[in-house]
Every structure is written in structure tokens, then in C-alpha cells.
Amino acid sequence: EDFREMVLANVENCISTGEPYEIEAVLVSAKKKELWVRSNANAEFVDGVCTRIYGSIQDINERKEAEIRLNSLADNLPGVVYQYILYPDGTDNLKYVSKGSKEVWGFSSQEVLQNNKLVWERIEAGGEYEKVNESIANSIAAKTNWTARWKYIMPNGELRTHLGNGTPNFLADGTVLFNAVILDITQETK
């Protein structure tokens, strides 16, 4: 029931525009068991009229339940858990950010996912931008875990001390993906 409207909207859009879709939703089995599935579909048109939709449905229940558990755990940690991606051309991006970002960085996870420069600007305001970048570069060069401690200025002007830890993963195209956590250690530092 919770996904019916979303599924119908995707099917109707596929029929009217020919745009394929891929969705994840809960399916209720004949035995009344709820299962997470991924469905993807394409429309087939003959003389400008949709004659059929074809695709597949895949059982992703185990993966989805593990993902939900992991997200719940990450959102309840006293810090921000995130994935940081550093591309070979020097650009960077955030892929996943837990809800702790609001308390630690002063920005919602949606805000920093759209613009990670918000965080870099606050690190720069704390005066330790180069120090953090150097620690990331050293972790990559040595292929070791990343650890750093720095001053961070919250959007409201408050000075905080942050501690970051992460594990770099090296992808075939030269991209480095860090799974990391940042803790606010202001009180411990005092």
C-alpha cells in the first residue's frame, strides 16, 4: 500500500513518455510476507502507441534489510558517518551522509550531499584546511587508514574540534572512496 502510488506513477510515466524506470518497493507475497524487490521496465511502442511494458523483478530483501540496519546504526552514532569520493582529476564528492551531519557539521545531510563545499569552507574558517587535505593525501600515498584532528567553525560561529577516521578504498579508475566517521571532540579536548 505504501508504494502503490509511486509504482503507478512510474508505470504511467513509462507508458506515456517511454521513459524506463527502476524502483525499489515492498511486495506482499501470496503468503502475506513482505519482501523488498527491485523492478525495472521499458516500454515498447508501435506506431507511437505503447503496446507493452517489459522488464524484471529481483528479490533484494536481504540486501535491503542489511542496508536499513546499517543506516539505522549510522544515524544513531554520536558523529557523522559518510562516504567521501576523491576523483583522479582532483574533484570530490560525498556519496552517503548520516543524519549526524546536522549536529557535527551544522548542515543537514541533504545540504552537504548537494554541496560538500559547505563543510570545506567551515574547515577553512577554522584555519586547518591544508592540514586536513595533507592528512588525506598522506593516507592515499601510504595506503593506510586516515586519521586527523582539526578546528571547525560551525555556521553559527562556534568553534569545535573534530576527529576524523576513515578507510580508503582504491578503485580501478584511480578514484579513492573513503568510508569515514567524524566525531565532535570539543568537550574531550577542553
Side-chain angles (χ1 to χ4, degrees), residues 2-3 6 10 21-25 36 38 60 63-190:
D2 296 342
F3 297 92
M6 183 260 301
N10 275 279
Y21 68 83
E22 182 173 320
I23 57 174
E24 292 182 359
W36 276 95
R38 175 185 295 129
I60 60 167
R63 180 195 60 83
K64 193 68 176 181
E65 285 180 352
E67 181 183 311
I68 290 168
R69 282 191 304 273
L70 184 61
N71 286 341
S72 177
L73 178 63
D75 287 340
N76 287 304
L77 287 174
V80 59
V81 177
Y82 63 99
Q83 283 189 322
Y84 174 67
I85 305 169
L86 187 58
Y87 298 102
D89 66 1
T91 59
D92 63 355
N93 199 7
L94 292 172
K95 185 174 180 183
Y96 169 81
V97 177
S98 70
K99 291 179 183 173
S101 67
K102 187 70 173 169
E103 188 175 324
V104 174
W105 286 334
F107 301 104
S108 72
S109 55
Q110 292 81 17
E111 288 175 306
V112 296
L113 283 169
Q114 290 172 0
N115 181 9
N116 70 336
K117 302 293 182 250
L118 295 171
V119 175
W120 285 116
E121 289 167 358
R122 303 285 86 218
I123 294 171
E124 193 169 13
E128 298 188 313
Y129 178 81
E130 288 79 20
K131 176 183 174 181
V132 174
N133 270 319
E134 186 178 316
S135 69
I136 292 169
N138 289 342
S139 171
I140 292 170
K143 295 189 177 191
T144 59
N145 287 343
W146 168 71
T147 297
R149 181 178 168 163
W150 63 91
K151 291 177 178 59
Y152 183 90
I153 305 294
M154 295 292 283
N156 67 6
E158 183 182 349
L159 174 66
R160 301 268 182 99
T161 303
H162 288 171
L163 174 66
N165 289 292
T167 305
N169 295 294
F170 299 89
L171 306 182
D173 67 353
T175 299
V176 182
L177 172 76
F178 281 89
N179 289 304
V181 63
I182 292 178
L183 302 172
D184 184 337
I185 59 166
T186 305
Q187 292 306 316
E188 292 81 357
T189 303
K190 287 179 182 178

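No hydrogens, no waters, no symmetry mates; every other heavy atom, side chains included, goes into these values.
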- Message: Do Trp150 and Ile182 have side chains that approach each other closer than 4.5 Å (heavy atoms only, starting at C-beta)?
- Response: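 SC-SC contact between Trp150 and Ile182 confirmed.
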Nearest non-hydrogen partners of [X] and [Y], listed with the distance:
{"X": "His162", "Y": "Ile185", "result": "C-CG1, 4.2 Å"}
{"X": "Ser139", "Y": "Phe178", "result": "OG-CE2, 3.6 Å"}
{"X": "Val112", "Y": "Leu94", "result": "O-CD1, 3.7 Å"}
{"X": "Val97", "Y": "Ser109", "result": "O-CB, 3.4 Å"}
{"X": "Ser98", "Y": "Val80", "result": "OG-CA, 3.6 Å"}
{"X": "Glu24", "Y": "Arg63", "result": "OE2-NH2, 2.9 Å"}

Please tabulate, for side-chain N and O atoms in residues 81-88, each donor-acceptor pair with protein atoms closer than 3.5 Å (sequence neighbours left out).
residue: Gln83; atom: NE2; partner: Asn179; partner atom: OD1; Å: 2.8
residue: Tyr84; atom: OH; partner: Asp92; partner atom: OD2; Å: 2.8

- Heavy-atom neighbours of Arg38 CZ exceed 12 at 6.0 Å: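 Result for CZ/Arg38: enclosed.
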- Is the number of heavy atoms from other residues, nucleotides or ligands within 6.0 Å of NZ (Lys95) greater than 12?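 Check fails, neighbour count at 12 or below.
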- Please report the C-alpha distance between Ile140 and Trp146 in whole Å, then the side-chain angles of each, then the deciding distance to 0.1 Å, and finally whether the side-chain contact (heavy atoms from CB on, under 4.5 Å) criterion is met. CA-CA 8 Å; Ile140 292 170; Trp146 168 71; over 6 Å; no
Would you compute the distance between atom [atom1] of [X] and atom [atom2] of [Y] and round it to the nearest 0.5 angstrom?
{"X": "Glu65", "Y": "Trp36", "atom1": "CD", "atom2": "CH2", "value": "10.0 Å"}
{"X": "Thr91", "Y": "Asn116", "atom1": "OG1", "atom2": "CG", "value": "9.5 Å"}
{"X": "Leu163", "Y": "Tyr152", "atom1": "CG", "atom2": "OH", "value": "15.0 Å"}
{"X": "Tyr96", "Y": "Leu177", "atom1": "OH", "atom2": "CG", "value": "13.5 Å"}
{"X": "Glu103", "Y": "Arg160", "atom1": "CD", "atom2": "CZ", "value": "7.0 Å"}
{"X": "Thr186", "Y": "Glu158", "atom1": "OG1", "atom2": "CD", "value": "7.0 Å"}

- List in chain and number order the residues that pass side chain to side chain contact (heavy atoms under 4.5 Å, CB included) with Ser108, two or more places apart in sequence or in another chain; answer none if no residue qualifies.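 Ser108 satisfies side chain to side chain contact (heavy atoms under 4.5 Å, CB included) with Gln110, Glu111 only.
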Tell me if a side-chain donor or acceptor on [X] pairs with a main-chain N or O of [Y] at a distance below 3.5 Å.
{"X": "Ser101", "Y": "Phe107", "result": "yes"}
{"X": "Lys143", "Y": "Pro168", "result": "no"}
{"X": "Thr161", "Y": "Lys151", "result": "no"}

- Task: Begin with the C-alpha distance, continue with both residues' side-chain angles, and end with the deciding distance and a verdict on side-chain contact (heavy atoms from CB on, under 4.5 Å) for Val132 and Trp120.
- Result: CA-CA 10 Å; Val132 174; Trp120 285 116; 3.9 Å; yes
- Task: For side-chain contact (heavy atoms from CB on, under 4.5 Å), just list the numbers for Arg149 and Thr189, CA-CA rounded to whole Å, side-chain angles, deciding distance to a tenth of an Å, and then say yes or no.
- Result: CA-CA 11 Å; Arg149 181 178 168 163; Thr189 303; 3.1 Å; yes
